[in-house]
Student: 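Please find one structure pasted underneath; my questions will follow.
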Amino acid sequence: LEKHIAGRRVVVFVEEAQGVPLDTLEEIRLLTNLETEREKLLQIVLFGQPELDTHLADTRIRQLRERITHSFNLMPLPAPLVTDYVQHRLRMAGHPRGDVFSRAALNLLAGASQGLMRRINILADKSLLAAFAADNAIVRLDERDRLHVVPGAMLEFGGDAIDRGPSGRRVLAALVD
């Protein structure tokens with residue numbers, strides 16, 4: 001109420017909303033009842049994986065679904081945009097040029113991630129960490145054209161870019177020299 005009086009908007013961001021129990025989503029909906037005669041006092045933004053749509057289709061939270069005014073789905077990035085995305089993220093993180101990944105490494109990253117930003121972020125992060133640990137400035141493919149990061153990085157993803165490590169578990173090993 002103090003924020004409203006001060007002319008400020010209050011927004012609640014709920015990340016990974018697909019993992020929020022239905023009862024909790026209903027409680028979040030009840031917060032949207034806070035309003036003045038002319039406007040809502042609180043805006044709620046739900047972020048989640050596709051499973052959130054399944055949650056929202058449940059009849060027990062129909063009233064929440066009916067209050068959703070905007071819904072967006074981020075589609076996978078085409079391979080050329082994966083390169084732009086990774087380079088942009090690197091520049092925003094402070095790298096002067098964003099050219100830390102070799103072209104071949106970016107192509108394989110695009111394929112292994114299937115263009116899904118969350119996967120791109122995870123795989124790029126693991127690759128950068130492996131390169132740093134090996135004291136390499138550039139993330140690149142090995143001699144067998146494998147994208148290598150740390151064991152288990154691709155366990156949940158599957159895909160052609162995966163190699164099996166000595167333990168038999170799927171891994172993307174390290175993109176290093």
Side-chain angles (χ1 to χ4, degrees), residues 1-95 98 100-101 106-129 147 149-162 170-172:
L1 198 52
E2 293 171 8
K3 299 290 184 198
H4 176 72
I5 292 169
R8 311 271 326 249
R9 245 178 228 208
V10 177
V11 181
V12 175
F13 294 97
V14 181
E15 290 192 31
E16 301 296 333
Q18 76 280 353
V20 176
L22 294 180
D23 291 342
T24 305
L25 287 174
E26 174 58 16
E27 290 175 19
I28 290 171
R29 181 200 61 85
L30 292 174
L31 291 173
T32 65
N33 290 334
L34 300 172
E35 57 189 42
T36 66
E37 292 176 7
R38 293 186 293 174
E39 62 188 339
K40 298 282 188 184
L41 295 178
L42 181 68
Q43 291 182 346
I44 298 172
V45 179
L46 302 175
F47 292 98
Q49 301 301 313
E51 295 82 9
L52 177 57
D53 291 333
T54 304
H55 261 0
L56 294 174
D58 192 299
T59 57
R60 292 175 287 171
I61 58 170
R62 173 189 52 79
Q63 290 181 326
L64 173 63
R65 185 178 61 250
E66 290 172 351
R67 291 185 184 200
I68 294 173
T69 57
H70 301 290
S71 179
F72 302 95
N73 289 314
L74 296 177
M75 302 308 293
L77 293 175
L81 290 182
V82 170
T83 296
D84 294 344
Y85 174 73
V86 170
Q87 291 174 341
H88 171 76
R89 294 285 308 252
L90 287 165
R91 285 191 303 277
M92 292 300 101
H95 193 275
V100 176
F101 288 81
L106 284 167
N107 289 340
L108 193 50
L109 178 66
S113 67
Q114 299 174 342
L116 299 173
M117 284 186 238
R118 183 175 189 195
R119 292 179 184 177
I120 295 166
N121 293 338
I122 290 169
L123 293 173
D125 179 66
K126 303 264 186 210
S127 299
L128 289 166
L129 183 60
L147 180 65
V149 276
V150 295
M154 285 290 288
L155 282 176
E156 64 183 286
F157 302 140
D160 296 335
I162 297 173
R170 289 188 289 180
V171 298
L172 266 181

Student: Are there more than 12 heavy atoms of other residues, nucleotides or ligands under 6.0 Å from atom CD of Glu26?
Tutor: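 It does: Glu26 CD has more than 12 such atoms within range.
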Student: Is the CZ atom of Arg9 crowded by more than 12 outside heavy atoms at less than 6.0 Å?
Tutor: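 Incorrect, the count does not exceed 12.
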Student: Answer yes or no: are there more than 12 heavy-atom neighbours, outside Arg89 itself, under 6.0 Å from its atom CZ?
Tutor: no
Student: Are the side chain of Asp125 and the backbone of Asn121 linked by a donor-acceptor contact shorter than 3.5 Å?
Tutor: no
Student: Restricting to non-hydrogen atoms, name the atom on Phe101 and the atom on Ser127 that form the minimum distance, rounded to 0.1 Å.
Tutor: CE2-CB, 3.9 Å
Student: Please check if the side chain of Glu51 supplies one atom and the backbone of Gln18 the other of a donor-acceptor pair under 3.5 Å.
Tutor: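 Checking the backbone N and O of Gln18 against the side chain of Glu51, no donor-acceptor pair under 3.5 Å is found.
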Student: What's the shortest heavy-atom distance between Leu116 and Pro76, and which atoms?
Tutor: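 It is CD2-CG, 3.6 Å.
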Student: Take Leu31 and Val12, measure what side-chain contact (heavy atoms from CB on, under 4.5 Å) needs, and give me the verdict at the end.
Tutor: CA-CA 10 Å; Leu31 291 173; Val12 175; 5.6 Å; no
Student: In Å, rounded to the nearest 0.5 Å, how long is the span from CD of Gln87 to CE of Met92?
Tutor: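 Here the interatomic distance stands at 12.0 Å.
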Student: Would you call Arg118 and Glu16 a salt bridge, taking side-chain N to carboxylate O under 4.0 Å as the test?
Tutor: yes
Student: So, the side chain of His55 versus the backbone of Ile61: is there a donor-acceptor pair under 3.5 Å, distance only?
Tutor: no
Student: Does Asp84 have any salt bridge (charged side-chain N to carboxylate O under 4.0 Å, His left out) partners at least two apart in sequence or in another chain, and if so, which?
Tutor: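 Result, salt bridge (charged side-chain N to carboxylate O under 4.0 Å, His left out) vs Asp84: none returned.
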Student: Is the number of heavy atoms from other residues, nucleotides or ligands under 6.0 Å of Arg91 CZ greater than 12?
Tutor: yes
Student: Specify the closest pair of heavy atoms between Leu109 and Leu123, including all atoms of both residues, with the distance to one decimal.
Tutor: CD1-CB, 3.3 Å
